[in-house]
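Beneath this line is the structure, given in structure tokens, with notes to follow.
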Amino acid sequence: MSDDNGTEPAHPQSRPQAENMDRLHDDLQTEYYRIVGIVEGFDQRLLTIKSWGVTFALATLGFGFQQGHYGLFLVAAAAALAFWLIEASVKRHQMRYYPRMGDIEAISFELWSQNTASGPASSPLIDWSFHTAPPRLVGGKPKGDPREPRPWKNINDRPGANRWVFLWPHVALPHVIVVAVGLALFVVGLTTGALGAI
């Protein structure tokens with residue numbers, strides 16, 4: 001393919017290979033660890049969202065009992081649902097960084113892995129080791145060689161699999177409990193009048 005002047009653009013591999021590879025290695029390592037930092041930042045946000053949601057919802061439930069207003073139980077349930085959905089949304093944003101981490105790990109393995117007595121070795125492998133860890137810890141079908149990362153697929157062959165993030169236990173809990181308790185208490189108050197005024 002020619003540029004506007006009719007000349008062939010310089011292909012990246014036409015530059016000196018060693019310098020090019022060193023720069024690529026450094027750039028990939030820098031990018032990878034910046035992504036790790038971003039993912040860690042999301043973890044802090046997720047914990048903050050969870051703690052705010054639990055604090056507000058439980059305080060509202062307690063206030064409902066103290067004031068004798070069962071309408072506050074509905075407020076607690078609605079607040080817990082809102083924080084639950086916010087947490088699920090933030091989790092999905094965090095997950096968008098995982099494929100790039102996996103791609104960098106696969107590229108690093110392909111270009112710079114070394115053979116050792118126990119098999120190939122490369123770095124980084126944070127994402128891949130998390131992926132392959134469950135069978136190594138508790139048994140089951142292996143998810144791949146823990147030393148040889150595979151890149152993420154360009155297209156998810158299980159569309160919709162990650163649409164249910166809000167139902168994952170570490171996202172849903174404890175929000176789902178507060179939603180259920182708040183709704184149950186509101187219904188009891190509404191139908192029996194035993195929990196005070198609305």
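- Counting non-hydrogen atoms of other residues, nucleotides and ligands closer than 6.0 Å to OH of Y33 gives a total above 12.
- Listed for the K143 side chain is no donor-acceptor partner under 3.5 Å among the backbone atoms of W128.
- Between the side chain of Q94 and the main chain of V39, a donor-acceptor pair closer than 3.5 Å is present.
- Atom OH of Y97 has 12 or fewer heavy atoms from other residues, nucleotides or ligands within 6.0 Å.
- Counting heavy-atom neighbours within 6.0 Å of F166 CZ, excluding the residue itself, gives a total above 12.
- Remark: W168 CH2 is packed, more than 12 non-hydrogen atoms of other residues, nucleotides or ligands lying under 6.0 Å away.
- Distance alone, capped at 3.5 Å, is enough to place a donor-acceptor pair between the S51 side chain and the T48 backbone.
- Across all non-hydrogen atoms, the minimal contact from V188 to L195 is CG1-CD1, 4.0 Å.
- Residue W52 qualifies as open at atom CH2: its count of foreign heavy atoms under 6.0 Å is 12 or below.
- Side chains of P174 and K50 form a contact here, defined as non-hydrogen atoms less than 4.5 Å apart.
- The 12-atom threshold is exceeded at CG of D26, counting heavy atoms of other residues, nucleotides or ligands nearer than 6.0 Å.
- For the pair L185/V181, a side-chain contact is recorded, criterion being any heavy-atom separation below 4.5 Å from C-beta on.
- For E105 against I126, the heavy-atom pair with the smallest separation is OE2-N, 3.0 Å.
- For the salt bridge (charged side-chain N to carboxylate O under 4.0 Å, His left out) condition, the pairs that include at least one residue of residues 152-161, sequence neighbours left out, are K153-D157.
- Counting all heavy atoms, side chain and backbone alike, A80 lies closest to V178 at CB-CG1, 3.6 Å.
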